[in-house]
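The structure appears right after this line, and notes come after that.
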Amino acid sequence: MRYSEAPSTATNTPPTTALELATVPATGDVTLSTIWNGATAPTPSQWDGSAAAGATVAAGMGKDGYIYAMRAVGTQEGWTYPGTWGPPGNAWQTHSRRYEMLRYGRSGVDNLGIVSGLGTYRTVANNPATQVNGVVDNRIGVNFNAADIHPITGVMYLASFQSGGFLNRLYLIDVTQTPPQYLSTLNLDANIPGAQSGDFAIDAAGEYAYGVAKATGFLGTSTSYRIRLSDGHVESLTANLGIFPFGAAARLPNDPTKMAFYGAFTQVMNLPAGTLGAIQNTAFSDSADAASCLPKLKATLQCTPLSLFDADANVSTCTVTLDQPAPVGGIDVALTPPASNPRYSTTCGTSIAVPAGQATAQCTITATPNTVPADGNVTADIALAAPAATADYELGTPTSAAVLVQNDDALLASVICTPTDLVDSAGNVSTCTISLNGPAPEGGIMLNLSPPGANPRYTTDCGSSAQIAAGASQTQCTITATPNTTPGDGDVQAPLALLAGNGYSLGSPNAAIVNVKNDDQPVVPPSRDRVEPVPTLGEWAMFFLSLCMVGLARRRNFLR
């Protein structure tokens with residue numbers, strides 16, 4: 001949060017605060033991405049009527065993803081003083097005595113009001129009606145200038161580490177309540193090592209608060225320190241760190257051994273030694289505070305099932321999952337939706353909203369029912385799009401899915417041979433047409449055949465397979481009778497059948513038989529050349545004939 005006073009020539013003009021995401025590289029300039037600038041609180045201060053979201057100098061990010069900051073307001077608000085440092089202006093000194101907690105978010109800032117239980121003060125000592133809640137002491141210009149939120153407990157640690165402030169106290173504030181609630185005071189076993197310290201930051205384990213304190217005077221050098229939060233023990237770390245104070249400090253979320261300290265520029269502190277790295281240029285402001293970003297939520301994408309058919313009720317549900325529930329306001333996760341295609345429809349758009357408190361959101365890909373055979377397969381590709389740098393989430397694994405929409409209307413193969421009867425004469429050919437009930441897919445299709453067996457009575461160009469070209473629906477082969485004049489060589493059959501294969505099913509009919517018949521009869525000679533057969537007698541006729549012969553013989557003997 002970069003705080004900017006109004007120009008010295010302006011009167012009755014409040015300061016502005018810009019909320020920015022700062023990215024600190026290993027070396028080089030710090031880049032700032034503006035989230036908003038000059039936002040106002042919807043609830044004005046009860047003291048000055050101002051909704052200006054300025055004059056905040058102590059903040060930390062809560063476990064809910066909001067930045068909580070103390071705002072000091074004084075008895076002479078209205079911003080009638082020029083915004084200069086030092087007499088006669090000293091407008092900044094009026095920001096004291098009353099302390100309100102502001103809550104910063106992506107869309108703006110809310111005024112949560114005075115911290116309950118922090119303290120009281122009477123603007124007129126003998127007049128109870130002038131009693132004010134939420135103060136620490138009665139001196140003009142005393143303000144909180146250091147704070148961070150404990151990464152484990154979510155409690156704010158707040159301090160007035162400046163000349164005239166309390167250099168040996170930390171105030172513990174519960175920012176999850178509205179209004180925020182003072183919990184307790186942590187009394188340190190020594191003052192911080194210097195007359196003034198800017199912000200401090202709490203390490204990832206929640207064990208120590210690290211800061212840089214500057215000695216009295218313009219040329220006083222700075223010393224890094226740390227405070228053990230379990231008991232308030234103060235340790236000096238590295239001395240002679242320069243003459244500049246640092247108004248802002250934040251733990252770097254991707255490296256638990258480093259913190260960034262910002263004033264007129266940024267320097268990275270190495271933990272636990274408290275040494276500072278090289279100066280890294282950062283946009284200047286009159287004053288600033290910083291808070292460590294929470295670890296970003298991780299978003300993943302899965303679709304189930306990954307295979308559909310182009311029939312009714314074939315739906316794939318795509319689920320975007322966060323590794324923890326979405327914060328207040330929810331999270332919009334960017335998507336690259338499936339391309340438009342008549343083979344499916346989808347409810348997945350360019351983003352999907354995960355509601356607050358939920359960890360998942362869903363959209364669907366639905367196959368378009370049809371009965372068109374051989375219309376092939378298509379893939380509906382969906383992916384999580386790369387989030388913006390300011391997004392509250394990052395990509396996990398997996399981040400994409402490919403939903404296959406398959407054709408379930410099978411190609412049916414059939415075969416018919418015409419004619420089915422041939423004779424063994426010249427020009428007797430049967431044409432066998434192998435057909436599909438729809439066009440062959442891209443690349444064509446190969447059908448398996450059981451061809452006619454070898455036989456001298458016919459020839460064939462029907463083989464063990466038949467190729468149908470892409471877009472075509474049939475092909476042909478032939479069975480040809482072998483001409484001959486041999487009588488009595490009988491009839492033969494030439495069978496042709498389709499066999500199962502890939503990309504088609506067997507239709508009807510899937511087999512054919514071609515009959516090759518003998519048309520050669522035996523030659524019959526004319527009647528004059530015929531040899532008539534001798535009639536023969538049957539068994540009884542032969543018996544009677546033999547009796548007659550015997551009787552005749554006896555008679556002849558009798559006549560003698």
Just wondering, do [Y] and [X] contact through their side chains at under 4.5 Å, heavy atoms?
X      : Y      : result
Asn484 : Arg457 : yes
Tyr344 : Leu308 : no
Val24  : Lys258 : no
Thr460 : Cys432 : no
Thr433 : Gln476 : yes
Thr379 : Leu404 : yes
Leu449 : Ile434 : yes
Ile35  : Arg106 : yes

request  = Could you give me the CA-CA distance, side-chain angles and deciding distance for Thr478 and Asp461, then say whether side chain to side chain donor-acceptor pair (under 3.5 Å) is met?
outcome  = CA-CA 6 Å; Thr478 58; Asp461 59 3; 3.2 Å; yes
query = Among Ile202, Asp203, Leu294, whose side chain to side chain contact (heavy atoms under 4.5 Å, CB included) with Pro151 holds?
reply = Ile202
query = With Leu506, which of Leu498, Val415, Leu412, Leu447 fulfils side chain to side chain contact (heavy atoms under 4.5 Å, CB included)?
reply = Leu498
Check whether any side-chain N or O of [X] sits under 3.5 Å from a backbone N or O of [Y] as a donor-acceptor pair, and report yes or no.
X      : Y      : value
Asp148 : Ala201 : no
Ser316 : Pro305 : yes
Asp489 : Pro487 : no
Lys296 : Ala391 : yes
Asp199 : Ala147 : yes
Thr482 : Pro456 : yes
Ser430 : Pro419 : yes
Asp289 : Ala59  : yes
Asn428 : Leu422 : no

Check [X] against [Y] and note the closest heavy-atom contact, atom names and distance.
X      : Y      : result
Asn518 : Gly490 : CB-O, 3.0 Å
Ala250 : Ala290 : CB-CB, 4.0 Å
Ala22  : Leu32  : CB-CD2, 3.5 Å
Tyr393 : Ala299 : CD1-CB, 3.8 Å
Ala353 : Ala361 : O-CB, 3.3 Å
Cys417 : Val514 : CB-CG2, 3.7 Å

key: Any side-chain donor near an acceptor of the partner, Thr347 and Thr364, under 3.5 Å   = yes
task = Tell me, with the steps shown, if Thr266 and Thr282 meet side chain to side chain donor-acceptor pair (under 3.5 Å).
result = CA-CA 6 Å; Thr266 296; Thr282 314; 2.7 Å; yes
Pairwise distance [atom1]([X]) to [atom2]([Y]) - rounded to 0.5 angstrom:
X      : Y      : atom1 : atom2 : value
Asp310 : Asp408 : CG    : CG    : 4.5 Å
Asp375 : Leu411 : CG    : CG    : 9.0 Å
Tyr210 : Phe261 : OH    : CZ    : 10.0 Å
Met269 : Leu252 : CE    : CG    : 11.5 Å
Thr275 : Asn270 : OG1   : CG    : 4.0 Å
Tyr504 : Ile445 : OH    : CD1   : 7.0 Å

inquiry  = Under the criterion side-chain contact (heavy atoms from CB on, under 4.5 Å), I'd like the reasoning laid out for Thr366 against Val315: C-alpha separation, chi angles, the key distance, then a yes or no.
reply    = CA-CA 4 Å; Thr366 303; Val315 181; 3.7 Å; yes
request  = Check the pair Asp332, Ser351 against side chain to side chain donor-acceptor pair (under 3.5 Å), reporting the backbone distance first and the verdict last.
outcome  = CA-CA 6 Å; Asp332 287 333; Ser351 67; 5.2 Å; no
ask   = Between Tyr157 and His150, how do the two ring planes meet: parallel, tilted or perpendicular, split at 30° and 60°?
value = tilted
key: Gln267 and Gln280: CA distance, side-chain angles, deciding distance, side-chain contact (heavy atoms from CB on, under 4.5 Å) verdict   = CA-CA 6 Å; Gln267 287 181 272; Gln280 297 176 250; over 6 Å; no
message = For Gln324, is the CD atom crowded, meaning more than 12 foreign heavy atoms sit under 6.0 Å from it?
response = yes
message = Test side-chain contact (heavy atoms from CB on, under 4.5 Å) on Leu112 and Tyr66; report intermediate values, then the result.
response = CA-CA 12 Å; Leu112 302 182; Tyr66 284 101; over 6 Å; no
key: Sulfur-sulfur distance Cys318/Cys348 under 2.5 Å   = no
query = Given the rule in the side chain to side chain donor-acceptor pair (under 3.5 Å) test, do Thr319 and Gln302 qualify, once you have shown the distances and angles that lead to the verdict?
reply = CA-CA 5 Å; Thr319 303; Gln302 289 183 299; over 6 Å; no
key: Stepwise side-chain contact (heavy atoms from CB on, under 4.5 Å) check, Asp520 with Asp424   = CA-CA 8 Å; Asp520 303 303; Asp424 49 4; 3.7 Å; yes
